[in-house]
Each structure stands twice: as C-alpha cells, then as structure tokens.
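Let me begin by presenting the structure, written as structure tokens, before commenting on it.
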Amino acid sequence: MKIIFVSQDPKPERWTSLLSALIPNAKIEAWSIDTAMGDADYAVVWQPPDALFTLEPNLRALFNLGAGVDALLKSPALPDTLPIYRLEDAGMSSQMAEYAVHFVTEFSRDMGTYRQQSTNQVWKTLPPIRKEQWPIGILGYGKIGSAVAQVLSSLEYPVATWVRQARESDVNTIEMFCGSENLNPFLNRSRILINTLPLTDSTENLLNYTRLAQLKEHAILMNVGRGEHLVDEDLLLALQEGRIQHAILDVFRQEPLPAQHPFWGHEKITITPHVSARTLRDSTVAQIAEKIIKLEAGQDISGCVDRRRGY
C-alpha cells in the first residue's frame with residue numbers, strides 16, 4: 001500500500017512521519033510532479049494540482065486536509081468516481097465554539113466600552129446583559145455548526161439554526177429552521193448571525209444585501225464559512241447604512257486579503273486570518289490513518305463527500 005502526501009507545506013515530513021508511525025506497513029511519501037510514479041493507492045491532500053489526477057490514475061481514495069472541499073471539487077481533472085473523504089472535526093469544533101463565544105460576549109456584554117473606559121480611567125458599570133435581546137442565528141448545523149450552537153445555548157443565549165433540508169433538532173433549547181421558505185423568518189429573529197455553511201452552488205453569495213437587511217437592528221455578522229458566501233460590496237453598504245453594527249470576518253474571497261481591500265481599517269469590521277478553527281496535525285493524521293486502515297480491512301468509514309451536495 002502506498003500513500004502520498006500532496007500539499008504546499010514546506011515541511012511535509014511533519015505529516016508523513018506521523019502517518020508512518022500509525023500505518024507502519026505502508027509506503028508513505030511526499031509527492032511532487034517530478035517524482036510521481038503513478039502507483040499510489042491513497043492521497044492525503046490540500047489544494048493539490050490538477051496534474052495529481054493524471055499522474056496518479058490508480059488512486060482508490062482521496063483524503064482532504066480540511067472540512068471544506070469546494071476548491072477540490074472545482075478541479076476539472078478530478079475523476080468522477082474517485083471517493084473523497086473530508087476531515088471530520090479533528091479539534092476544529094471546539095476551536096470554532098471558542099471563537100464564537102469570544103465575539104458573542106465581546107458585543108453582547110459591551111466589552112469594547114469597558115476597554116475604552118479603562119483607557120480613560122473611567123469606573124462605570126453598564127446595564128447588565130439581557131440575553132433575550134441577543135438572539136443568535138447559526139447558518140448550518142453540521143459538526144461545527146452544532147458545536148457552536150450547543151455551546152452558546154448552554155450559556156443561555158436564545159439560539160436558532162438554519163439548514164437546507166428538514167431535520168429535527170437534537171437539543172430542545174435550539175430552534176431549527178429548515179428550507180429556503182424558512183430562511184427569512186430565521187434571519188428576522190436573529191441579531192447575531194454566524195455562518196458555518198459549506199460552500200456550494202446554492203450557498204455562494206448567500207450573504208447578500210437583501211438577506212443582511214432581514215436581520216434585527218444593530219446586527220452582528222460573523223463569517224467563518226467561506227469568503228464566497230459573502231458579497232463584499234453588500235456588507236459595506238449594510239454597514240454604511242447602519243443595518244449591520246459590526247462584522248467579524250475570518251474568511252475571504254482572496255486570501256491573504258489584498259492590502260488595498262476596503263475591509264482593512266474599517267472601524268466596523270474585525271479581521272482574523274482564517275484562524276477560527278485550525279487543522280490540528282496530530283488529530284488530523286490519526287483520523288485519516290484510522291480510516292485508511294478500515295478501508296484496507298473492507299470496513300465502511302464516514303466522511304465521504306456527496307458531490308451532488310458539495311460536502
């Protein structure tokens with residue numbers, strides 16, 4: 001069995017050594033176009049070149065080093081029948097929940113005002129938080145979205161989620177809205193909107209002016225899904241008009257965010273460099289190794305991408 005690691009990481013041995021320790025009977029190599037032999041069984045990848053699929057025609061499965069596979073599915077060379085497995089959690093859910101809690105409490109408890117008071121040596125308590133004034137809406141209820149929803153609900157914020165297909169909530173305190181016909185009612189009741197959706201044809205540009213305008217007054221937008229979910233110009237207009245109070249953006253259409261982009265320096269936008277949920281190497285490799293071992297043993301594994309849905 002041969003496994004290849006395909007990434008732009010300048011130190012691929014940090015990954016291949018871990019894989020070798022967990023699957024000692026496998027031949028594991030860092031792959032490049034110049035060294036391709038065409039005999040690989042499995043590929044562990046992050047943004048691989050299209051040439052991978054022509055130079056390695058015998059691949060039995062592809063393992064993506066992330067939960068989002070939108071970039072991978074755009075490859076014109078990707079074989080139609082090649083199974084793709086996305087990363088399932090591997091420590092990302094708890095990170096995303098921490099990120100969300102940080103910014104939810106930042107705004108709902110008015111921590112910015114307290115910091116300003118501290119700078120000006122002002123000792124003044126603000127009115128206590130009334131959580132019913134901060135209903136949270138979470139777009140998506142996968143592993144990450146559900147973790148964010150459950151943590152915020154446990155802090156007694158009113159939480160609702162929106163999903164494309166009908167299902168029942170597994171937590172009584174979390175209200176669930178399903179289908180396109182219930183998107184506007186979901187937005188209407190949300191003051192803090194957190195996007196955790198995967199990027200698909202149907203979710204691209206979902207966060208446009210019309211939808212942002214459906215949110216409650218003084219709304220907060222947090223985008224941790226993909227940059228292509230958000231129409232940048234529409235957000236700037238919504239901020240200018242006061243429909244959105246503040247935006248926390250961790251993902252962008254172009255990364256790194258170009259120096260001339262109007263998001264930089266905007267007083268109502270907080271930018272983080274795609275760090276809301278980092279891939280944890282040890283957990284990621286352990287998950288992928290376990291799945292490869294199970295596949296070799298003829299067992300079923302989870303995380304297979306449904307190309308029709310895009311995730």
Side-chain angles (χ1 to χ4, degrees), residues 63-70 85-109 131 134-178 183 186-187 189-200 203 206-207 220-227 229-230 248-251 270 272-288 290-291 301-306 309-311:
F63 292 87
N64 193 51
L65 289 172
V69 294
D70 44 280
Y85 294 91
R86 57 184 172 82
L87 194 61
E88 297 179 282
D89 198 351
M92 292 186 290
S93 293
S94 61
Q95 294 179 69
M96 193 73 81
E98 290 169 346
Y99 185 95
V101 168
H102 172 84
F103 286 108
V104 166
T105 53
E106 164 78 11
F107 288 95
S108 67
R109 298 194 62 176
K131 291 183 178 178
W134 292 92
I136 298 170
I138 299 173
L139 288 163
Y141 199 68
K143 285 187 177 293
I144 288 177
S146 61
V148 173
Q150 290 167 23
V151 169
L152 290 169
S153 178
S154 74
L155 296 176
E156 300 181 358
Y157 286 91
V159 175
T161 64
W162 178 82
V163 294
R164 291 191 304 164
Q165 297 179 338
R167 70 173 86 168
E168 293 183 1
S169 174
D170 53 356
V171 179
N172 292 335
T173 56
I174 298 174
E175 186 178 7
M176 183 165 285
F177 291 78
C178 305
L183 179 55
F186 163 81
L187 295 171
R189 54 79 59 204
S190 301
R191 183 174 178 185
I192 299 178
L193 181 66
I194 303 174
N195 175 44
T196 70
L197 288 168
L199 180 63
T200 65
T203 64
L206 181 71
L207 300 174
I220 305 294
L221 171 67
M222 192 183 308
N223 188 19
V224 292
R226 283 289 186 266
H229 285 132
L230 176 66
I248 301 102
L249 306 178
D250 187 56
V251 289
T270 297
T272 57
H274 207 142
V275 295
S276 57
R278 306 284 299 277
T279 299
L280 302 180
R281 189 179 299 113
D282 289 357
S283 300
T284 296
V285 171
Q287 181 182 134
I288 291 173
E290 180 183 11
K291 289 185 176 183
I301 62 174
S302 60
C304 189
V305 172
D306 183 338
R309 295 191 300 176
Y311 57 91

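Scope of the values below: all heavy atoms of this structure, side chains included, with no hydrogens, waters or symmetry mates. Values in this document were obtained by computation on a predicted structure and should not be read as measured data.
- Thr270 has its side chain out of reach of Glu106: every pair of non-hydrogen atoms, C-beta onward, lies at least 4.5 Å apart.
- In this structure, the side chain of Ser153 does not engage the main chain of Ala149 through any donor-acceptor pair within 3.5 Å.
- Under the side-chain contact (heavy atoms from CB on, under 4.5 Å) criterion, Ser276 pairs with Met96, Tyr99, Val224, Asp250, not counting sequence neighbours.
- Here the side chains of Tyr157 and Ser108 are in contact, with some heavy-atom distance below 4.5 Å.
- Every residue meeting the ring-ring contact (aromatic ring centres under 6.0 Å, His included) condition with Phe107, not counting sequence neighbours, appears here in chain and number order: His246.
- Between Val159 and Val148 there is no side-chain heavy-atom pair separated by less than 4.5 Å.
- For the pair Ile192/Leu152, no side-chain contact is recorded, criterion being any heavy-atom separation below 4.5 Å from C-beta on.
- Across Leu87 and Leu65, no two heavy atoms sit closer than the pair CD2-C, 4.4 Å.
- The minimum heavy-atom distance linking Ala147 with Ala97 is given by the pair O-CB, 4.2 Å.
- Residues satisfying the side-chain hydrogen bond (donor to acceptor under 3.5 Å, both in side chains) test with Asn195, not counting sequence neighbours, are Asn223, His229.
- When the ring-ring contact (aromatic ring centres under 6.0 Å, His included) test is applied to Tyr85, the partners found at least two apart in sequence or on another chain are Phe63.
- In this structure the side chain of Ile220 reaches within 4.5 angstrom of the side chain of Trp134, judged on heavy atoms.
- Remark: Arg226 pairs with Asp70 by the salt bridge (charged side-chain N to carboxylate O under 4.0 Å, His left out) rule, at least two apart or across chains.
- With values rounded to the nearest 0.5 angstrom, Ile138 atom CD1 is found 11.0 Å from Leu197 atom CG.
- Nearest heavy-atom pair, Arg86 versus Tyr311, reported as atom, atom and distance to 0.1 Å: NE-C, 4.0 Å.
- Looking only at distances, no side-chain donor or acceptor of Thr196 sits under 3.5 Å from a matching main-chain atom of Gly225.
- Applying the side-chain contact (heavy atoms from CB on, under 4.5 Å) criterion to Ala160, with sequence neighbours excluded, gives Glu175, Phe177, Phe186, Arg189.
- Looking at residues two or more places apart in sequence or on another chain, you find a side-chain contact (heavy atoms from CB on, under 4.5 Å) between Glu290 and Lys294.
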Pair Thr203-Leu139, side chain to side chain contact (heavy atoms under 4.5 Å, CB included): steps then yes or no: CA-CA 10 Å; Thr203 64; Leu139 288 163; over 6 Å; no
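- Between Ile144 atom CD1 and Asp89 atom CG the span is 7.0 Å, to the nearest 0.5 Å.
- For Gln150, the side-chain contact (heavy atoms from CB on, under 4.5 Å) partners two or more places apart in sequence, or in a different chain, are Tyr141, Ser146, Asp170, Val171, Ile174.
- The backbone N or O of Leu155 sits less than 3.5 Å from a side-chain atom of Lys131, completing a donor-acceptor pair.
- For Arg109, there are no salt bridge (charged side-chain N to carboxylate O under 4.0 Å, His left out) partners at least two apart in sequence or on another chain.
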Ignoring hydrogens and angles, write down the donor-acceptor pairs under 3.5 Å from the side chains of residues 278-286, residues two or more places apart or on other chains.
unit_1	atom_1	unit_2	atom_2	d
Thr284	OG1	Leu280	O	2.8

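- Applying the 6.0 Å contact sphere to CG of Asp306 captures more than 12 heavy atoms from other residues, nucleotides or ligands.
- Side chains of Trp162 and Leu183 form a contact here, defined as non-hydrogen atoms less than 4.5 Å apart.
- Scored by the salt bridge (charged side-chain N to carboxylate O under 4.0 Å, His left out) test, Glu88 finds Lys291 as partners (sequence neighbours excluded).
- Listed by chain and number, the residues in a salt bridge (charged side-chain N to carboxylate O under 4.0 Å, His left out) with Glu98 amount to none (sequence neighbours excluded).
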